[in-house]
Asks: 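Questions regarding the structure given below will be posed in turn.
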Amino acid sequence: MIPQRLGHMTSDGLCCVFFFLLIFFLYGQNRLYTSYVFLSLWLLHYVHRGLIHPLLMRYSSSHVQLGITAGTVAPNLLYSFVNSDFISSAVYSDNYFKDPRFWIGIVLYAIGYVINRWADIKLRNLRKDQSQDESTPLSNGKKYSIPRGGMFELITCPNYFGEALQWFGWTIATWSLAGLVWLLFCLATFVPRAKHNHDWYHETFPDYPKNRKAFFPWLY
């Protein structure tokens with residue numbers, strides 16, 4: 001067992017920040033202005049996710065099995081490599097800033113980023129303040145409440161939805177197979193997690209909103 005914060009910072013911070021930068025600057029062969037735009041987008045997410053978020057997060061368990069951390073390190077290294085290698089080597093046209101793919105991707109990324117950050121803050125504050133009337137005692141003695149407001153009225157896990165939207169925008173903006181593979185991997189992770197969380201809420205709260213979906217508004 002290792003501290004949860006250390007495991008989180010190792011899997012996301014070490015792999016998706018430091019290793020990504022290492023590949024970008026030492027392995028890339030064509031670093032253009034678009035390369036640095038995409039690098040900034042990647043770091044915007046992972047500096048927070050891998051270095052800041054673990055320090056702010058209130059974990060339900062203080063420790064995690066080493067094998068779980070190791071299981072996330074391997075794919076993060078792989079997908080960090082392919083994406084960093086692509087954006088630091090791909091050759092885009094000089095006017096790619098005017099390409100609809102670039103701006104559509106950037107806009108989708110920005111919307112997803114805002115949704116993801118807002119949902120994370122909402123959940124963190126929910127863990128901090130469990131004095132609400134609708135708080136439900138759990139078997140471990142802690143209390144938990146139904147998240148309310150914003151996209152939580154539509155889906156159980158807007159944090160996962162927001163991050164998936166980010167990487168969909170990344171895939172469009174970079175127009176890359178590397179981005180698509182990363183997006184599919186994230187979806188394969190987020191959708192089952194969202195379903196698991198959704199089922200847990202329904203089992204824990206008899207009055208959990210029946211029309212709230214797990215991951216995608218109105219559909220699933």
Asks: Could you check if a side-chain atom of Glu163 sits within less than 4.5 angstrom of a side-chain atom of Leu165, using non-hydrogen atoms only?
Replies: no
Asks: Going by the rule side chain to side chain contact (heavy atoms under 4.5 Å, CB included), which residues pair with Asn95 if we only count those two or more places apart in sequence or in a different chain?
Replies: Ser93, Lys98
Asks: Taking the six-membered ring for Trp and the single ring otherwise, decide whether the centroids of Tyr27 and Phe81 are under 6.0 Å apart.
Replies: yes
Asks: NE2 of His196: more than 12 outside heavy atoms within 6.0 angstrom?
Replies: no
Asks: Do the side chain of His8 and the main chain of Pro3 share a donor and acceptor less than 3.5 angstrom apart?
Replies: no
Asks: Report yes or no: does Trp42 contribute a side-chain atom to a donor-acceptor pair with the main-chain N or O of Cys16 at less than 3.5 Å?
Replies: yes
Asks: Could you tell me whether the side chain of Ile146 reaches within less than 4.5 Å of the side chain of Asp207, counting heavy atoms only?
Replies: yes
Asks: Carefully, step by step, assess Phe185 and Val181 under the rule side-chain contact (heavy atoms from CB on, under 4.5 Å).
Replies: CA-CA 6 Å; Phe185 173 78; Val181 172; 5.6 Å; no
Asks: Measuring from Ile111:CD1 to Phe168:CZ, what's the distance to the nearest 0.5 Å?
Replies: 11.5 Å
Asks: Under 3.5 Å, side chain of Asn159 to main-chain N/O of Asn116, donor-acceptor pair present?
Replies: no
Asks: Quick one: does Arg31's side chain have a donor or acceptor within less than 3.5 Å of a partner on Phe25's backbone?
Replies: yes
Asks: How far does CG of Asp120 sit from CD1 of Ile115, to the nearest 0.5 angstrom?
Replies: 12.0 Å
Asks: Would you indicate whether Glu153, at its atom CD, is surrounded by more than 12 heavy atoms from other residues, nucleotides or ligands within a distance under 6.0 Å?
Replies: yes
Asks: How far does OH of Tyr208 sit from CH2 of Trp200, to the nearest 0.5 angstrom?
Replies: 9.5 Å
Asks: Decide if the gap between the ring center of Phe152 and the ring center of Trp118 is smaller than 6.0 angstrom.
Replies: yes
Asks: Closer than 3.5 angstrom, by distance alone: can the side chain of Thr204 be matched with the main-chain N or O of Tyr201 as a donor-acceptor pair?
Replies: no
Asks: Enumerate, atom names and distances included, each donor-acceptor pair closer than 3.5 Å involving a side-chain atom of residues 213-220, sequence neighbours excluded.
Replies:
none

Asks: If we only count heavy atoms from C-beta on, is the Leu43 to Leu21 side-chain gap below 4.5 Å?
Replies: yes
Asks: Test of understanding: clusters of I, L, V, M, F, W, Y form through side-chain heavy atoms closer than 4.5 Å, transitively. Do Leu78 and Leu177 belong to the same one?
Replies: yes
Asks: Mind checking whether Leu77 and Ile2 sit in one hydrophobic cluster, side chains of I, L, V, M, F, W, Y counted as touching below 4.5 Å?
Replies: no
Asks: Tell me whether the rings of His198 and His202 are parallel (<30°), tilted (30 to 60°) or perpendicular (>60°).
Replies: perpendicular
Asks: Would you call the rings of His53 and His48 parallel, tilted or perpendicular if under 30° counts as parallel and over 60° as perpendicular?
Replies: tilted
Asks: Taking all atoms of both residues into account, what is the closest heavy-atom pair of Gly50 and Pro54, and its distance?
Replies: O-CG, 3.5 Å
Asks: Give me the atom names and distance for the closest heavy-atom approach of Gly179 to Ser176.
Replies: N-OG, 2.9 Å
Asks: Would you say that Arg117 contacts Ile121 through its side chain, given a criterion of any heavy-atom pair below 4.5 Å between the two side chains?
Replies: yes
Asks: Quick one: pull up SG in Cys15 and CZ in Phe19 and give me the separation to the nearest 0.5 Å.
Replies: 8.0 Å
Asks: Does the pair Lys195 and Asp199 meet the rule for a side-chain contact (heavy atoms from CB on, under 4.5 Å), with working shown?
Replies: CA-CA 6 Å; Lys195 180 63 166 59; Asp199 291 342; 2.8 Å; yes
Asks: Do Val64 and Leu14 share a hydrophobic cluster, counting only Ile, Leu, Val, Met, Phe, Trp and Tyr and linking them when any side-chain heavy atoms are less than 4.5 Å apart?
Replies: no
Asks: Quick check for you: to the nearest 0.5 Å, what is the distance between Leu56 atom CG and Arg124 atom CZ?
Replies: 5.0 Å
Asks: Please answer whether the main-chain N or O of Thr174 pairs with a side-chain N or O of Arg101 as donor and acceptor at a distance below 3.5 Å.
Replies: no
Asks: May I ask you to test the Phe190-Cys157 pair for a side-chain heavy-atom distance under 4.5 Å?
Replies: no
Asks: Roughly how far, to the nearest 0.5 Å, is CE of Met1 from CG of Leu6?
Replies: 12.5 Å
Asks: Between Phe97 and Tyr33, how do the two ring planes meet: parallel, tilted or perpendicular, split at 30° and 60°?
Replies: tilted
Asks: Any side-chain heavy atom of Trp170 within less than 4.5 Å of one from Ile87?
Replies: yes
Asks: Kindly determine whether Asp99 and Trp175 satisfy side chain to side chain donor-acceptor pair (under 3.5 Å), including the steps that lead there.
Replies: CA-CA 11 Å; Asp99 194 299; Trp175 203 246; over 6 Å; no
Asks: Do Phe38 and Asn83 come within less than 4.5 Å of each other through their side chains, counting heavy atoms only?
Replies: no
Asks: Do Leu55 and Phe18 share a hydrophobic cluster (ILVMFWY, side-chain heavy atoms under 4.5 Å, transitive)?
Replies: yes
Asks: Determine the interplanar angle of the Tyr36 and Phe24 rings, folded into 0 to 90°, and report it as parallel if under 30°, tilted if 30 to 60°, perpendicular if over 60°.
Replies: perpendicular
Asks: Among Trp167, Tyr113, Phe20, find the one that has a ring pair (Phe, Tyr, Trp, His ring centres under 6.0 Å) with His45.
Replies: Trp167
Asks: Any donor-acceptor pair under 3.5 Å linking the side chain of Tyr109 with the backbone of Leu41?
Replies: yes
Asks: Does any N or O in the side chain of Ser35 come within less than 3.5 Å of the main-chain N or O of Ser88, such that one atom is a donor and the other an acceptor?
Replies: no
Asks: Ignoring hydrogens and angles, tell me if any N or O in the side chain of Thr72 forms a donor-acceptor pair with the backbone of Ser11 under 3.5 Å.
Replies: no
Asks: Assign the ring pair Trp182 / Tyr79 to parallel, tilted or perpendicular, where the plane angle (0 to 90°) is split at 30° and 60°.
Replies: tilted
Asks: Would you say Leu183 ends up clustered with Leu44 if hydrophobic residues are merged whenever their side chains have heavy atoms under 4.5 Å apart, either directly or through other cluster members?
Replies: yes
